[in-house]
A.B. asks: 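Once you've had a glance at the structure underneath, I'll fire off some questions.
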Amino acid sequence: MGSGGGGGQIVVGSSGGGAIYFNLSGTLNVTGSINANGNDRLGGNPDDEGGAGSGGSVYITTSNFIGNGSLTTNGGTAGGTNEGGGGAG
């Protein structure tokens with residue numbers, strides 16, 4: 001599970017990504033996307049926003065994993081000069 005970003009001068013940090021868990025006895029066929037991404041920074045002024053959230057986690061137990069889909073656990077987008085730090089993974 002991802003942690004939230006630190007607060008900036010005015011705005012709180014964003015939420016981290018969630019935790020996704022699959023425990024399957026059969027086949028997992030991923031044809032779309034499974035995402036546990038952190039949220040982008042909050043606020044409208046890039047110089048005093050909170051930090052972005054870190055990416056979450058995906059835990060899969062399966063006998064067969066197929067498909068051309070994607071799994072992502074990216075951290076959110078940050079920027080600015082006086083923001084809080086991003087969440088730790």
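Everything numeric here is computed off the predicted structure, so don't read it as measured data.
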A.B. asks: Of the non-hydrogen atoms in Ile20 and Asn35, which two are nearest, and what is the gap between them?
C.D. replies: CD1-O, 3.3 Å
A.B. asks: Would you give me the side-chain donor-acceptor pairs under 3.5 Å for residues 21-29, sequence neighbours excluded?
C.D. replies:
unit_1, atom_1, unit_2, atom_2, d
Tyr21, OH, Asn23, ND2, 3.4

A.B. asks: Quick check against the 3.5 Å criterion: does Asn37 have a side-chain atom that pairs as donor or acceptor with the backbone of Gly17?
C.D. replies: no
A.B. asks: Please answer whether the main-chain N or O of Asn64 pairs with a side-chain N or O of Thr62 as donor and acceptor at a distance below 3.5 Å.
C.D. replies: yes
A.B. asks: With clusters defined by side-chain heavy atoms of hydrophobic residues (ILVMFWY) lying less than 4.5 Å apart, directly or transitively, does Val30 cluster with Ile66?
C.D. replies: no
A.B. asks: Decide yes or no for Ile60 and Phe65: does some side-chain heavy atom of the first lie under 4.5 Å from some side-chain heavy atom of the second?
C.D. replies: yes
A.B. asks: When you measure from the side chain of Asn39 to the backbone of Gly53, do you find a donor-acceptor pair of N or O atoms at a distance under 3.5 Å?
C.D. replies: no
A.B. asks: Which heavy atom of Gly2 sits nearest to which heavy atom of Ser54, and what is that distance?
C.D. replies: CA-OG, 3.2 Å
A.B. asks: Looking at every heavy atom in both Thr73 and Gly56, which two are closest together, and how far apart are they?
C.D. replies: CB-O, 3.5 Å
